[in-house]
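Notes follow once the structure below has been shown.
First the proteins, then the strands, lettered A, B, ... as listed; each starts at 1. The structure displayed is predicted, hence computed values, not measured ones.
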Amino acid sequence: MSLRDQLEEIRDNHLKAIEELSDLKSLEDLRVKLLGKKGPITQALRGMKDLSAEERPAFGQFANQVRDQLQSKLENRRDQLKQAALNRQLVQEKIDVTLPGTPVAQGQPHVIQQIIDQLEDLFIGLGYQILTGPEVEEDRYNFEMMNLPKDHPARDMQDTFYITNEILMRTQTSPMQARAMETHDFSQGPLKMISPGVVYRRDTDDPTHSHQFHQVEGLVIDKHITMADLKGTLQLVAHELFGDRFDVRLRPSYFPFTEPSVEADITCFNCGGKGCAVCKYTGWIEVLGAGMVHPNVLKMAGVDPEVYGGFAFGMGPDRFAMLKYGVDDIRNFYLNDERFLTQFSKKG
Amino acid sequence: MKISYNWLKEYMTINISAKDLAEKIERGAVEVDTVTKPSDGLKKIVVGKIISMTPHPDSDHLQVCQVDIGEEELSQIVCGAPNVEVGKKVIVALPGSRIGDNVKIKRSKMRGVLSNGMICALDEIGFPKDVVPKEWADGIYFLEDDAEIGEPVFGYLGMDDDLIDVDVTPNRGDMLSVYGTAYDVAALLDVPLTLTHPNLQEVATLASDALIAKADQAVAPIYKMRLVKNVKIAPSPTWLQIKLWNAGIRPINNVVDATNYILLKYGQPLHAFDFDKISGNTIEARMAQPGEQLTTLDEEARDLDQNDIVIADANGPIALAGVMGGLNSEISDATTTVAIESAVFDATTIRKTAQRHNLHTSAAQHFERGVNRGGVEEAADAAAQLMAELASGEVQQGIVTATDQAVEPVKVSVTLARINHVLGTTLSTPTVTDIFNRLGFGVTVENDTFMVTVPARRWDIHIEADLLEEVARIYGYDEIPATLPGGPATPGALTEKQKLIRSSRSIMEAAGLNQAISYSLTTEGKAGQFMMKESHKTDLSWPMTLDHATLRMNLISGLLDDVAYNNARRVQDVALYEQGRVFYREEEQVRPSEEDHIAGAISGRLVPTNWQDAKGQPVDFYELKGIVDVFLKNLAVAGDVRYEATDRYPELHPGRTADIFVHDHYIGFIGQVHPSTAAAYKINPTYVFELNLEALIEMPKDVNQYVPISKFPAVSRDIAMLVDDQVTNEEVVATIKKRGGAYLKNVALFDVYEGAHVPEGKRSLAYTLTYQNPETTLTDDEVNQAFEKVEKQLKEQLNAEIR
């Protein structure tokens, strides 16, 4: 048998054997055996010395060709086996993707905070400042400068926690109107502010009353501010908080610190305005009080009512949250039950 | 106040339903609570006539009546009322009818005798018990003889009327009467109004011959009386009774009812005295004297205060002025001479008297909100006329006037430009003129200026802004456009402080804590717990409850109340933070200063147990400390943060608490709630911290600054050592850093161990030291040299045994 025949036989036998290999270990063994120094191809190449000089190049070429053929066959087979092994591993590694995800520690802003932040963001966009003031207030700011002199009957509308005769827990954020007007430099432009904060009333806590709750006061003072501006601003608030389909209507009302005074109603959430038990079949729900700042309030804060005027409004984030989310007991906001607080996590 | 739709219709043409009218009133004047018909929910209740009756065979009080209900055959109805009488027209609830309290009436047998329905008393068909006239309180009601048999009863009792319950704001006291409401409704509907005025017939005798009235101008600016003699006390006619009971007032007799009717109609409270019970001939309005007493009509004996106004005769008080009459001068069936008082009393004094005696009567409410000073005499005249008509009284000539006040109409001017400037409208002169005319105000226009003459009945209007409101509401708020303020632009932005407060909240939430808002008012004890500095407490002068009596000087106590609330409801994993004010006060300070703090409380686990971690790890000191660390790092306070063990807080675990310093400034503390405190709050083990947020916000900040990332590899070496267990981590790290060399980047603790294989009084600490040279690759020799220095230092300084 010629060397060439030997090589051909080796090639044919092993090409078949490689095909039948079933694991990487025997493949590696065969590779060493076949292509190693003691392997048959090396042996055959050693036998080349006995060939004539003319035959050698052709045989050498042929031997290299056989080695390359075997080598590439081995590599192919190795890739196949590796892939098969990986496939087996992947099958073994299969998990139940329906098992629950691992919980992550996550905290939420309080629902009332969310409403306040939303309002702040809206009004910042409209060029308002955010001002905050003391929760323990002087009678002068809380009442007198709001056009509620001592003995004014409207003081009875707001039962007050007094600390002394002159110092009290503020019953409203309205004193910030006076404080803001006193300090604002009108030569620098209009005053536009909202003031969110905690207020207190001498009330017994029940589902609809809380001795502590929140208000957001708003005030705009300039040379030409109109009731129409107030209406447009309140419409924006309703759209921002509740959605574009909500409408606002104004009704006459009374607050000592505004004249004209209005109450603002928005379309009932529950029935969309058709009328239901929630809105007492009116289609509207009262949400806030507002009006044009009373000239006495301007005067007392040192602002000339002949030149300046504007509007003010007072909103109740607690009430907004109750309406928006259907919370039926205001006390929930201050008891901080984890099961309550974590309900308002949706950002969408 | 409940306003009768039918009554309003007596004075103007109303072409819209009561519901629509209510809507108009709400949109243009005052809030409307409800619109109701007294007959709502009632059905098949008709007029019947008792034709005959026989005693029930098995009862000593039931009567078997044969009743004509307008059908061919008489209907047999068993009745137990004591006043049942043949020939009377009565209220019959037919079988299948629905009466008061939603009760259904069926054909039934009463002690074996068939009864086709029920003969009703007023309270059985929905009348409130306190409104039913006394004569009908204990029996069935007799309808007037001309009532049509078989017809529904509702029309005969005024129950088919619509009652509009208006919620009158404090400034619109003028609407607390039918006339006042009628003026506004006519303006809103733009229809003419025809009001009737009294046309009084007087006898020749002068009232002033028999009666002298005295009053102090300050106490009663207007005080007038009329005298009516020879009245015959009797029940009022049905039309009058209907008006009263539909307004929620119980009819009493023709004289008392006349005064109440005038109050409803004009809004002027009146009082009728039995003149024959008066001692002497002088009636005086004055302040009560010390020690005076009066038994009021509700039969309560009251000790009078020197700040109460009383009406008195020669013997003393006979009425609590403007609030309630006295029993000693009450109108009775025997009364023949009536003194009618029509007056105006000082509103504030009346309000305080009503509060003091807890007597918020209708009269008091009217005086508190003011009355029409121009209508005092007309009200007296109208009442006298009614007593003449209903009780055949003889009205003595003249009004006896103790005090009086000239009532000038108020003149207010406003320009058209001003109206449009404030309302944002483009109204024309005729439109505005028309609005004032509709309101019944006098108006003249000159050069676009409206001179408006406001009648006395609208005492709420004094200034230009008041006129603007009148124009706005009558024109209609719906018609006003919606715009946004124009004018110069103003920058809207959060201040630095506000931004940092918002960031603080986000950081806490990112760390897994839920925001809580707790009560600022707490118990005296809790207010003074967990104190960051000494402070006097601030108490309410008149708290509602001891639970909310003192202003908090810490946030943690509120959070622990929240933890307790959760724990009590089997919620064991609680992670809360609060950002809010605490209230500190120096001794001489009246008003406390307010400081923004941020505090946290964690009880149980931060991450709930789950299938991968079935037991879960309750939060410990170090986890909360990690949160505080992250918070301070995120807040970028410049300077070293230091935790110093302390046992100075009585409410905190003495071995598990640290004061926190930033750059050697005390800014708060962290620790475990003392087991005794936890037991008092009834809470599980809880870890807390509280920081002075305001101080943190004001501290200098480290701004973010890019540091190039080294291309050269870092080398790390681990070191484990045994040290005395009194040696703190802080000391070890400081020692390592002191001799760490220029390339020591980081020292990280990776193991703490004490117990088996560690000698008593010792503990094992292990750290990874990371070295890096930003300029070049460190050689092993360089690292080894630096590391050896650290080892040496630890051995020498801390007596550490390197392992």
Side-chain donor or acceptor of B/Glu509 paired with backbone N/O of A/Gln106 under 3.5 Å: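 Side chain of B/Glu509 to backbone of A/Gln106: no pair is present.
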Which atom pair, heavy atoms only, marks the closest approach of [X] to [Y]?
X	Y	value
B/Pro170	A/Tyr254	CD-CD2, 3.5 Å
A/Tyr281	B/Lys19	O-NZ, 4.5 Å
A/Pro252	B/Glu26	CD-O, 3.8 Å
A/Gly133	B/Glu594	O-OE1, 4.4 Å

Check the orientation of B/His421 and A/His224. Use parallel for under 30°, tilted for 30 to 60°, and perpendicular for over 60°.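 If you compare the ring of B/His421 with that of A/His224, the planes turn out parallel.
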With a 4.0 Å cut-off on N to O distance, would you call [X] and [Y] a salt bridge?
X	Y	answer
B/Arg502	A/Asp121	yes
A/Glu166	B/Arg591	no
A/Arg249	B/Glu23	yes

Sort [X] into side chain, backbone, both or neither according to what part of it lies under 4.5 angstrom from a heavy atom of chain A.
X	answer
B/Thr538	side chain
B/Leu513	backbone
B/Ala511	backbone

Tell me if the centroids of the rings in B/Tyr519 and A/His211 come within less than 6.0 Å of each other.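 Yes; A/His211 has its ring centre under 6.0 Å from that of B/Tyr519.
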Is there a side-chain contact between B/Arg473 and A/Pro260, using heavy atoms and a 4.5 Å cut-off?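 With C-beta onward as the side chain, the pair stays apart.
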